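Fair warning: this is a prediction, and the values are worked out from it, not measured in the lab.
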Number of protein chains: 2
Amino acid sequence: MQFSESPTQIRQDAVFVRSSVEQRDAFWRGKDLPSVEKADLALNQILADLPSEETRRVLANLELIHVQTNDILAEGGVPISHCYFPLDAVVALVANLEEGATVEVGLIGNEGMVGIRVILGRSTGAYLAVVQIPGKCLRIKPDLLKAEFKRGGVLQDRLLQYVRYMLAQVSQTAACNRMHLLEQRLCRWLLSIQDRVKTAELLITHEAIAHMLGATRSDVSRVVGALGKLGILHSSRGKTTILDRKALESTSCECYWIVRNDYIYPLRARKASSGKGNL
Amino acid sequence: MQFSESPTQIRQDAVFVRSSVEQRDAFWRGKDLPSVEKADLALNQILADLPSEETRRVLANLELIHVQTNDILAEGGVPISHCYFPLDAVVALVANLEEGATVEVGLIGNEGMVGIRVILGRSTGAYLAVVQIPGKCLRIKPDLLKAEFKRGGVLQDRLLQYVRYMLAQVSQTAACNRMHLLEQRLCRWLLSIQDRVKTAELLITHEAIAHMLGATRSDVSRVVGALGKLGILHSSRGKTTILDRKALESTSCECYWIVRNDYIYPLRARKASSGKGNL
DNA sequence: CGTTGTCTGTGCGTTGTCGCACACTGCAAC
DNA sequence: GTTGCAGTGTGCGACAACGCACAGACAACG
């Protein structure tokens, strides 16, 4: 999907350039929206395989949209307009600190949902939700999601499980940010992204990575360079390729596996020490 | 409450000395348990002022217990035996990293509950829940809490609100741990504790603080010393007294107010810059 | 009153990261 | 091609925090 009229980029702050999702809403308005199929639901792990009744109700209220890198899906203090279920996109929750510094506090892929706070009793976002990897999302109006949540069916269960996973992820990040070296955190981050995009090539610059990790661009370049010399990565001009995932895992900190092992649906759980893991 | 037979201390790891709550269970067994009054419920903000029917049901299942410093109420990977609602105690959630390092990821006082994961679909704890400030707690068996949660009444709402608050707290800690200086984080921590104990005197050693902040004891001593010279604190031998709360607030990072302003029940919200805030 | 052990103050070399600067490189627009 | 520029490699001084060490200070207890 391409937009001939490229959306004007609004400068949001020194760091993120907002490419407005709302403008693309306007683009679609009045045209035929792509219809949402059951097959789409299957791509998000919260929505997949719901009981047929829940599927029917939810399906009627979902929209399929494409999101692009740097799209902002929610913002701190701002009412959440939609809840987004990524299908193949990846979204980062980013804290925007006083001095203009940024750090990622959480990562959301097809295992989760953007805007979880609406089911936790707040209609506003807490942090900036920025698209890191473009792709498709299903979205729904907060009220409708909340109503379905209140019914107490399987979706409620899934969402609560996801909240727990998110909490685990964020908690571990809190510990990790305090204790672990940039190199370890970088490896963990790359692994987390790769789990969600399933490809070895990541289209992202060192500077963007630095903003996620709350580090300087130059240090990210240094670490990436070092990992490159070890044959673990190849990185050049906005494209980083993971060459040796196992090595990445053993250079990463334990946090990667701790979070992963707390995942909602039991995956093939692995210890950091065993060092074997590929999706 | 005193225990003549002082509970044998089991060495759990290099850092925390477990004083077993279970042993005190044994102490009480067969004796008259202190009965739980409605007045006790009022001291915890999740349990306070529930509809009378919910109050009645919950009351029947709660136990009142005293917890002491370093009691461990839950542990990572271990089934949660009880959910604890602090009345005047304060509990820290602590991540135990590989190398024996420790960092606090969350703090729980009478605004919350220890063991929130049981309503999020996991019966095991994620981190060590260590009592920092001794006092009273109400506790309940996970199954009973979960059943009441499932009924979808006011308690469900309160617990979900609390989950959101916890998520906000932990997320901000993730950002804070990455970006802010020890001095700022220490001030934030002291403020958070004081909000929960409501007294100016904190009985805690520099070393314990260091474990919470994931810093070295010597650096904590240095920072505390500096704050002491400014007349903000007085600290000596396991006792730290907050002398100038406003100064503490302005030396702390923004994170303190960000979390506080996201609190469940609208408090007197304040900006960090306005610098006026006392409980 | 002295002993013991906990808690705290402080010194010092090391390390990870910052903050800034500047040069190089490959891609894209002209 | 040439130019422009985003993206990257690298250097260097500054600084926060680590890691370790040791001495002083105070409380509890005999």
Undergrad: Is there a donor and acceptor pair, one atom on the side chain of Arg222(A) and one on the base of dT10(D), closer than 3.5 Å?
TA: no

Undergrad: Once you round it to whole Å, what is the distance between P of dA17(D) and CZ of Arg178(A)?
TA: 7 Å

Undergrad: Across the strands shown, which category fits Gly214(B) at heavy-atom distances under 4.0 angstrom: base, sugar-phosphate, nothing?
TA: sugar-phosphate

Undergrad: Rounding to a whole Å, what distance do you find between Glu207(B):CD and dG19(D):P?
TA: 14 Å

Undergrad: Answer yes when Arg260(A) and Asp195(A) have at least one side-chain N-carboxylate O distance shorter than 4.0 Å, and no when they do not.
TA: yes

Undergrad: Could you give the CG-to-P distance, from Leu182(A) to dA17(D), as a whole number of Å?
TA: 17 Å

Undergrad: Taking atom P of dT10(C) as reference, at what distance in whole Å does atom NE2 of His206(B) sit?
TA: 12 Å

Undergrad: Quick one: does any side-chain atom of Asn177(B) pair with a main-chain N or O of Asn177(A) as donor and acceptor, under 3.5 Å?
TA: no

Undergrad: For the pair made of CG in Asp219(B) and P in dG11(C), what is the distance, rounded to whole Å?
TA: 14 Å

Undergrad: Hey, does Gly238(B) reach any base, or is it just sugar-phosphate, or nothing, if we go heavy atoms under 4.0 Å?
TA: sugar-phosphate

Undergrad: Taking all non-hydrogen atoms of both residues into account, name the closest pair between Arg188(B) and Cys253(B) and its distance.
TA: CD-SG, 4.2 Å

Undergrad: According to a strict under-4.0 Å criterion, is Thr205(B) in side-chain N/O contact with OP1 or OP2 of dC7(C)?
TA: no

Undergrad: What is the base-pairing partner of dG30(D), counting Watson-Crick and G-U wobble geometry with both distances under 3.5 Å?
TA: dC1(C)

Undergrad: Roughly how many Å is it from CE in Met179(A) to P in dT17(C), rounded to a whole number?
TA: 13 Å

Undergrad: Could you tell me how far apart Gln184(A) (CD) and dT17(C) (C1') are, to the nearest whole angstrom?
TA: 14 Å

Undergrad: When you check the side-chain N and O atoms of Ser221(B) and His206(B), is any donor under 3.5 Å from an acceptor?
TA: yes

Undergrad: When the distance from CZ of Arg217(A) to C1' of dA21(C) is rounded to whole Å, what number comes out?
TA: 11 Å

Undergrad: How far apart are the closest heavy atoms of Ser171(B) and Tyr127(A), and which atoms are they?
TA: CB-CE1, 3.4 Å

Undergrad: Side chain of Ser221(B), heavy atoms from C-beta onward: which of dT10(C), dC20(C), dG9(D) has the nearest atom to it?
TA: dT10(C)

Undergrad: Quick check on dG19(C): is either OP1 or OP2 less than 4.0 Å from any side-chain nitrogen or oxygen of Thr216(A)?
TA: no

Undergrad: Report yes if a donor N or O on one partner sits less than 3.5 Å from an acceptor N or O on the other, where the partners are the side chain of Arg237(B) and the base of dC26(D); otherwise report no.
TA: yes

